Amino acid sequence: MNSIRCLYLFAFAVCVSVFCPVSGASSRYADEDGSRLWLRGENACGADVSFGGKMTPAIETAITELRDGWHDVESVRLELRKGFGKEAFRIRSGKGGIVITASGDTGLLYGAYHLLRMQNTGADMSDIDVLEEPVFGLRILDHWDNPDGSIERGYAGHSLWRWDELPAVLSPRYREYARANASVGINGTVLNNVNASPSVLAKENLIKAKALADVFRPYGVKVYISVNFASPMVIGGLSTADPLDKGVAGWWKKKADEIYALIPDFGGFLVKANSEGQPGPCDYGRTHAEGANMLAGALAPHGGIVMWRAFVYSASDSDRAKQAALEFQPLDGKFASNVILQIKNGPIDFQPREPYSPLFTSLEDTPSMVEMQLTQEYLGFSNHLAYLAPLWKEFFAFVPPSRLKGIAGVANTGDDVNWCGHHFAQSNWYAFGRMSWNPGLTPGEVADEWLKQTFCSDSAFVAPVRDMMLDSREAVVDYMMPLGLHHIFAWGHHYGPEPWCDVPGARHDWMPSYYHRADRNGIGFDRSATGSNAVAQYPDSLCRLYGDIATCPEEYLLWFHHVPWGHRMRNGRTLWAEMCHRYDHGVSEARRFQQVWDAVEPYVDSRRFRDVGSKLRIQSRDAVWWKDACLQYFSTFSGMPIPYGIERPVHDLGDLMKFRLDISNEECPESGFSK
Ligand code: GCV
């Protein structure tokens with residue numbers, strides 16, 4: 001074959017592979033396993049990077065990152081100069097090259113990552129003048145990792161922390177983890193589960209935590225620990241954990257001193273107290289404030305903080321959605337200055353959609369931070385594609401970031417080779433960091449950035465996949481719990497539907513029927529003034545809006561009202577018909593995502609293409625499972641048929657009701673129903 005013909009054939013092949021993405025087309029990219037996350041910039045050849053001041057580990061990291069990742073011929077100079085916020089930075093291009101200025105070393109580190117991100121996402125680099133400062137001071141991942149290596153609600157394998165090997169063996173993944181966090185601005189990590197083992201505070205475990213802190217430090221990531229309130233009894237041999245007992249306060253003070261001797265920049269404690277069986281100050285007739293303040297007193301001399309969780313549900317009211325506010329609102333202003341209340345975004349528990357927790361707008365004199373969930377406990381584990389930035393954005397529309405001191409995300413990482421189980425679950429880690437730095441970013445901007453760095457920058461890939469990501473969370477809401485339905489998950493694992501679930505002897509507010517309240521008349525939880533009056537916990541304007549069935553936004557309708565099946569929705573359909581349409585729409589969205597993905601095959605390496613494709617198949621099957629289960633079950637109350645035009649059920653309700661998914665928390669089922 002002569003060379004011209006060869007060239008023609010090559011050009012034709014390129015044209016076909018780039019412009020004619022047909023199903024089955026092979027990829028031009030080498031296989032990847034996802035382990036490099038969004039940090040896939042090829043090593044460059046040692047760019048000209050300079051810094052003239054006193055070197056610190058974080059500045060060394062910044063210089064290394066730039067030398068390895070900066071492709072431009074322009075030199076980069078790092079400069080420390082007063083006048084910037086703690087972690088802020090400025091990047092400017094001028095005659096002598098690009099200058100990154102900050103008043104501290106972490107500012108320079110974040111500036112370096114920002115510059116590399118600009119380069120790797122194809123930003124205009126001609127005349128750079130960027131000033132950036134994080135909106136939240138605390139940008140923290142909460143790991144629900146246990147000392148035995150399991151992860152509560154973790155779906156990406158076992159814990160990253162190898163407690164059995166630490167401190168002698170330092171997995172290279174620790175550094176990669178810190179690097180990934182720093183690259184998106186995350187500056188803290190709570191190492192262990194809020195259902196905390198007291199043993200984490202034992203000397204031998206603190207030494208392991210110190211080893212991790214030492215690896216994370218050059219990346220600006222501080223270590224925090226979840227503590228068990230009964231630790232003074234369990235590992236300290238005291239007879240009480242009463243926060244007003246002098247001996248108890250003294251024990252915590254000594255423990256704090258011991259921790260800071262090992263980890264001088266230790267961040268502080270996270271506490272789940274008097275919730276789901278965990279011990280706490282209320283066991284001794286003390287308030288949450290008394291408990292938190294005692295711990296805060298131990299940490300204060302070292303500059304540490306207490307993040308005290310507001311996730312409690314006590315018998316103060318029969319509506320679980322009201323309980324956290326009822327418990328904490330009266331304590332407003334009673335917390336020490338280094339206590340921050342960590343409040344879940346919604347009043348119940350990380351459901352696919354919840355209104356915001358009213359505690360955020362009722363606390364005036366107590367610093368608070370929001371807790372989001374990256375691990376998809378209620379959104380299909382790491383089987384379903386659910387990009388969560390739109391959920392977080394929705395929250396910020398109600399709770400202005402300026403009201404918050406920080407943001408915590410329950411981590412979705414594990415020792416799976418791709419870190420998060422689903423390649424697209426990495427986008428939630430990425431987006432969490434980016435939006436905790438700047439909640440003003442749009443979910444679309446963040447998705448674009450992530451796609452370009454994680455896959456490729458071709459707009460024929462980025463545009464459709466970004467749109468799919470943006471639609472994905474709403475699709476999950478539709479096929480699981482549309483119109484404000486919530487917590488109708490299967491008992492225990494929270495993966496599939498079980499609206500009929502009834503576990504004898506279990507708490508009634510853990511049962512789906514407590515939440516959906518379906519009967520012959522209608523469906524939904526009446527939280528209006530005629531019901532539990534949870535609406536009264538919101539500011540007046542929202543209370544009126546949510547409290548009236550005629551004005552309540554339809555996405556929250558069944559959260560706030562028990563609605564007759566024949567109720568006319570704004571589009572003229574009955575509630576029942578609308579429910580059927582929403583479930584059906586969720587299913588067709590999941591199927592559409594498969595088509596979108598198949599069409600971008602030429603832009604993705606074969607391995608990740610196959611991985612994502614098989615997860616999308618599971619998601620579609622699960623969506624049908626959800627739809628069939630919920631519609632057939634609720635039709636036994638509505639007495640109404642599934643409208644023509646809606647796909648017919650393919651499963652039998654009786655079979656679905658007998659079906660038990662045999663999975664533990666840590667494992668991700670191959671397929672929801674077909675197993
Ligand atoms: C860590 C829900 C989850 C629990 C979790 C709890 C919490 O109830 O199902 O696994 O426990 O929230 O946030 O404390």
Side-chain angles (χ1 to χ4, degrees), residues 319-325 344-358 373 378-379 386 388 390-395 397-399 473-489 494 497-499 509 511-519 521-538 542-571 573-586 589 626-627 629-631 633-635 637-638:
D319 181 357
R320 180 174 159 193
K322 292 169 69 181
Q323 291 166 357
K344 289 189 181 182
N345 61 293
I348 300 276
D349 193 8
F350 300 135
Q351 297 300 290
R353 170 166 277 126
E354 297 193 32
Y356 77 90
S357 165
Q373 198 178 43
Y378 296 105
L379 287 114
L388 299 176
L391 189 163
W392 305 331
K393 199 72 183 173
E394 197 170 284
F395 171 82
F398 290 97
V399 182
R473 179 270 186 144
E474 202 60 38
V476 178
V477 170
D478 277 352
Y479 62 68
M480 285 188 182
M481 279 163 264
L483 300 169
L485 279 174
H486 50 290
H487 229 315
I488 56 175
F489 290 96
H494 298 166
E498 204 175 358
D509 56 1
M511 290 299 108
S513 56
Y514 169 88
Y515 296 99
H516 65 64
R517 306 201 164 205
D519 59 21
N521 302 321
I523 183 170
F525 198 130
D526 185 0
R527 295 191 167 107
S528 72
T530 58
S532 78
N533 205 22
V535 287
Q537 293 185 331
Y538 289 90
L542 283 180
C543 173
R544 279 194 300 276
L545 186 81
Y546 295 161
D548 184 346
I549 198 168
T551 56
C552 183
E554 289 185 343
E555 66 265 29
Y556 299 137
L557 191 62
L558 305 181
W559 184 284
F560 287 114
H561 297 277
H562 190 72
V563 183
W565 295 109
H567 170 84
R568 285 284 155 206
M569 303 296 286
R570 282 174 203 132
N571 61 14
R573 288 189 188 124
T574 62
L575 168 68
W576 170 247
E578 182 62 9
M579 246 174 82
C580 293
H581 275 90
R582 295 285 179 117
Y583 273 105
D584 200 48
H585 183 250
E589 284 290 88
W626 271 93
K627 165 181 161 290
C630 295
L631 289 186
Y633 177 68
F634 289 133
S635 78
F637 297 97
S638 76

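Note that this is a predicted model, so its numbers are computed, not measured.
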Residue pair N345 / F395: nearest heavy atoms and the distance that separates them: O-CE1, 3.6 Å
Centroid-centroid under 6.0 Å between W626 and F489 rings: yes
Residues forming a ring pair (Phe, Tyr, Trp, His ring centres under 6.0 Å) with H561, sequence neighbours excluded: none
K322 versus S532, closest heavy-atom pair with distance: NZ-O, 2.7 Å
F560 and Y546 aromatic ring geometry - parallel, tilted or perpendicular at 30°/60° bounds: parallel
Listed partners of Y356 passing ring pair (Phe, Tyr, Trp, His ring centres under 6.0 Å), at least two apart: F398, Y538
Aromatic ring proximity H487/H494, centre distance under 6.0 Å: yes
Closest non-hydrogen atom pair between R473 and L388, with its separation: CG-CD2, 4.4 Å
From Y556 atom OH to E354 atom CD, the distance as rounded to the nearest 0.5 Å: 9.5 Å
Minimal non-hydrogen separation, V535 against S528, with atom names: CG2-CA, 3.9 Å
Under the side-chain hydrogen bond (donor to acceptor under 3.5 Å, both in side chains) test, residues paired with E474 that sit two or more places apart: R353
Contacts of K393 that satisfy side chain to side chain contact (heavy atoms under 4.5 Å, CB included) - sequence neighbours left out: M435, P443
Student check: side-chain heavy atoms of P553 and L545 closer than 4.5 Å: yes
Under 3.5 Å: donor-acceptor pair, side chain of D478, backbone of M481: no
Expected output: side-chain E498 to main-chain P512 donor-acceptor under 3.5 Å: no
Separation of R568 CZ from T574 OG1 (nearest 0.5 Å): 6.0 Å
Gap separating the CE atom of M569 from the CG atom of L483, nearest 0.5 angstrom: 5.0 Å
Atom of A629, atom of P497 and distance for their closest heavy-atom approach: CB-CG, 3.6 Å
Closest non-hydrogen atom pair between A534 and D319, with its separation: CB-OD2, 3.6 Å
Side chain to side chain contact (heavy atoms under 4.5 Å, CB included) partners for D349, two or more places apart: F311, R320, K344, Q351, Y378
Heavy-atom donor-acceptor pair, Y479 side chain to H585 backbone, under 3.5 Å: no
Evaluation steps, side chain to side chain contact (heavy atoms under 4.5 Å, CB included), between W576 and V563: CA-CA 10 Å; W576 170 247; V563 183; over 6 Å; no
Inter-residue atom distance I523.CD1 - W565.CH2, 0.5 Å rounding: 4.0 Å
Residues in salt bridge (Lys or Arg N to Asp or Glu O under 4.0 Å) contact with E589, at least two apart in sequence or another chain: R592
Ring-face cation contact, Y514 with R517, 6.0 Å cut, 45° max: yes
L542 CG to T551 OG1 distance, which is reported to the nearest 0.5 Å: 10.5 Å
Heavy-atom side-chain contact between E554 and R582 under 4.5 Å: yes
Euclidean distance, I488 CD1 relative to S513 OG, rounded to 0.5 Å: 11.0 Å
Check: H516 side chain, P499 main-chain N or O, donor-acceptor pair, under 3.5 Å: yes
A325 backbone acceptor or donor facing Q537 side chain under 3.5 Å: no
